[in-house]
Amino acid sequence: MGEEAAAPLLGDNVHLNLHGDDAGNNGNSRRQKGEEEALPATATTKNRCSCWMPGWDWAEAAGQLAFAAPMVATSMAYYAIPLISVMYAGRLGDLQLAAATLGNSWGTVTGIALMTGLSGSLETLCGQGYGAKSYRMMGVYLQASMVTSALFSVLVSLLWLYSEPVLVFLRQDPEVSRLAAVFLRYSIPAQFAYGLIQCTLRFLQTQSVVMPLVAFSLLPLAAHVGITHAFVNCLGLGFAGAAMAISVSLWLSFLMLLAYVCFSDMFKETWEGFTTEAFRHVLPGMKLAIPSAVMVCFEYWSFEILVLLAGLMPESQLSTSIIAMCVNTEAIAYMVTYGVAAVISTRVSNELGARNIANAKKALTVSLVLSLMLGAAFLLLLGLGHEVWVRLFSNSEAVVSAFASMTPLLIGSVVLDSTQGVLSGVARGCGWQHLVAWTNLVAFYIIGLPLALFFVFTLGLQTKGLWLGQICGLLCQNLVLLLITLRTDWEKLDLTMINRENDFVC
């Protein structure tokens with residue numbers, strides 16, 4: 001780090017947010033001071049620990065962990081809301097369980113992943129805007145992103161309305177497909193709410209306001225249990241009620257977030273109310289939103305394709321079960337590393353907006369090390385507890401044995417996925433979504449999946465071959481993203497199309 005001063009803890013405003021200080025005047029005055037105020041504890045901690053790990057910024061690491069933990073909790077809470085509805089539907093019968101599971105999976109692939117990706121444009125726009133102190137435009141970008149999300153939600157809704165013939169075409173059971181279409185039809189309002197929630201989360205995240213997000217996700221989650229029980233059992237809505245409950249709970253969460261943004265003094269600089277100016281930024285914003293959605297969907301779909309390919313193998317039932325468990329395990333592991341990815345996206349975009357290139361690079365180094373530490377933790381957990389984990393899904397000795405043989409490959413993919421999460425977060429912070437979209441296309445669909453087919457059907461490696469092909473795709477993705485990150489001259493980095501509109505004060 002040379003003689004650089006220690007970076008403030010995730011930006012000057014974050015120290016207050018992490019400790020729950022919502023006082024508007026204090027928050028705004030801290031924001032206006034920018035990088036001028038030093039944190040004495042930061043320097044003290046750094047000096048005390050530098051003899052143990054030269055060059056390691058303990059304050060940065062502690063701040064990133066404090067930021068990541070609420071983001072992980074928030075992500076898991078939103079993941080659990082539809083899962084609870086699937087559980088309630090499963091209590092109505094095996095057919096309902098299969099239909100709710102299929103409907104939820106199809107909805108995630110076609111809608112949830114898309115909405116998550118579209119909102120990624122705000123990690124660039126609002127993140128760099130906050131660092132450059134272009135506060136007013138952040139609210140405009142939020143509204144433009146919400147319009148984009150609503151437009152794409154209309155298209156997704158049309159797909160969900162006619163999902164039954166699509167699922168039958170994909171060789172799903174006709175009766176299961178019919179009920180899955182019912183589940184999706186009543187989940188359409190949830191699709192709109194989820195897209196708006198993701199936009200609002202990114203708006204708050206880029207200002208390092210993360211602790212309130214835990215409350216605004218856990219409270220609807222707790223309410224969702226009661227709402228689902230009431231709809232399914234008390235009001236007699238049955239299977240449809242389980243899907244309706246998702247919509248009610250997600251809209252409740254969004255309204256809570258919206259009220260917080262509109263009425264909190266903390267955001268009186270970044271949110272000045274609704275404005276028609278937002279419509280002027282919808283099309284320019286799509287230049288980031290669409291590549292961001294593509295980069296997310298390309299990777300997500302590649303894992304789902306593995307489940308479909310497993311159904312083509314000789315022992316299809318066992319193969320599908322093993323691959324599905326591996327995909328679910330990978331998804332849960334990624335939820336944890338997602339917190340670190342959100343941190344680095346925010347840190348890089350904020351520091352680039354403020355033109356603090358050295359701090360952005362330092363934050364990247366810390367995030368990569370933290371992601372590797374998380375990967376090592378998962379290595380130990382899976383290595384020592386894989387049998388306990390697999391028995392939560394099945395008591396079949398064949399399944400337990402097959403999953404044990406997959407564990408080393410699963411560990412490798414989890415470690416690679418954790419590092420690519422950080423590198424993808426850097427890309428979103430820099431506005432490189434189009435580069436990652438192309439990288440994911442090549443890594444997973446030109447390298448990963450063809451190799452998986454070769455390993456399975458030519459070399460006869462069965463489920464190991466499928467996952468080994470995916471590992472090859474992840475490795476390629478990591479190498480390309482790392483090369484892009486290392487070879488870019490960050491001093492000359494263009495701050496997206498916003499710079500050309502003179503919205504940033506650089």
Side-chain angles (χ1 to χ4, degrees), residues 101-102 105-106 108-109 113 170-172 295-334 337 375-376 378-379 381-387 389-394 396-421 424 438-482:
T101 302
L102 177 60
S105 297
W106 182 249
T108 302
V109 169
L170 294 174
R171 298 187 177 182
Q172 301 300 310
M295 64 177 271
V296 171
C297 290
F298 272 171
E299 181 172 5
Y300 196 97
W301 293 344
S302 69
F303 282 96
E304 296 299 323
I305 289 173
L306 294 183
V307 179
L308 296 177
L309 291 176
L312 302 177
M313 296 168 63
E315 297 181 10
S316 60
Q317 186 172 351
L318 176 62
S319 300
T320 302
S321 299
I322 295 301
I323 293 297
M325 282 189 287
C326 288
V327 170
N328 287 327
T329 305
E330 187 94 14
I332 292 171
Y334 185 77
T337 57
F378 279 115
L379 185 153
L381 288 173
L382 283 173
L384 298 176
H386 62 272
E387 184 171 345
W389 174 246
V390 70
R391 288 191 183 277
L392 295 176
F393 294 89
S394 173
S396 168
E397 292 302 324
V399 172
V400 172
S401 176
F403 187 82
S405 67
M406 288 286 292
T407 299
L409 295 176
L410 183 57
I411 289 172
S413 66
V414 167
V415 173
L416 288 172
D417 211 22
S418 64
T419 54
Q420 77 81 20
S424 294
W438 282 109
T439 298
N440 289 355
L441 173 63
V442 173
F444 294 112
Y445 297 91
I446 297 180
I447 295 176
L449 286 176
L451 282 177
L453 293 172
F454 174 75
F455 293 149
V456 172
F457 297 107
T458 302
L459 301 184
L461 296 179
Q462 304 302 321
T463 53
K464 291 187 183 68
L466 282 179
W467 210 256
L468 188 58
Q470 191 74 352
I471 287 177
C472 291
L474 284 168
L475 181 60
C476 174
Q477 179 196 36
N478 271 267
L479 292 175
V480 173
L481 293 181
L482 184 61

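Predicted, not measured: the structure shown is a model, and the values here were computed from it.
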Minimum side-chain heavy-atom gap Phe454-Leu461 below 4.5 Å: no

Asp417 to Leu474 - nearest heavy-atom pair and separation: OD1-CD2, 3.8 Å

Within-4.5 Å side-chain heavy-atom neighbours: Thr439 and Met295: no

CG-CD1 distance between Leu306 and Ile323, expressed to the nearest 0.5 angstrom: 6.0 Å

Backbone of Tyr334 reached by a side-chain donor or acceptor of Thr337 within 3.5 Å: yes

Interatomic spacing from OG1 in Thr463 to CG in Leu318 - rounded to 0.5 Å: 7.0 Å

Criterion side-chain contact (heavy atoms from CB on, under 4.5 Å) on His386 and Leu381, from CA distance to verdict: CA-CA 7 Å; His386 62 272; Leu381 288 173; over 6 Å; no

Distance-only polar pair, side chains of Gln470 and Ser413, donor-acceptor under 3.5 Å: no

Distance (rounded to the nearest 0.5 Å) between Gln477 CD and Asn440 CG: 4.5 Å

From SG (Cys476) to CD (Gln420), nearest 0.5 Å: 12.0 Å

Where Ile471 and Leu409 come nearest, the two heavy atoms and their spacing: CD1-O, 3.2 Å

Heavy-atom pair with the smallest gap, counting every atom of Val414 and Ala333: CG1-CB, 3.9 Å

Sub-4.5 Å side-chain heavy-atom contact between Phe378 and Thr329: no

Main-chain N/O of Gly421 paired with Ser424 side-chain donor or acceptor, under 3.5 Å: no

Within-4.5 Å side-chain heavy-atom neighbours: Phe444 and Trp301: no

Minimum heavy-atom distance between Ala443 and Ile447, given as atom pair plus value: O-CB, 3.4 Å

Side-chain heavy-atom pair Leu309, Val456 within 4.5 angstrom cut-off: no

Check: Leu449 and Leu453 side chains under 4.5 Å, non-hydrogen atoms: no

Donor-acceptor contact present, side-chain Ser105 to main-chain Thr101, <3.5 Å: yes

OG1-CD distance between Thr407 and Glu387, expressed to the nearest 0.5 angstrom: 10.0 Å

Minimal non-hydrogen separation, Leu102 against Gln172, with atom names: CD1-OE1, 3.9 Å

Aromatic ring proximity, centroids under 6.0 angstrom, Phe298 and Tyr445: yes

Side-chain donor or acceptor of Ser401 paired with backbone N/O of Ala398 under 3.5 Å: no

4.5 Å side-chain heavy-atom contact, Phe455 and Cys472: yes

Atom pair CG/CH2 of Leu170 and Trp106 - distance to nearest 0.5 Å: 5.5 Å

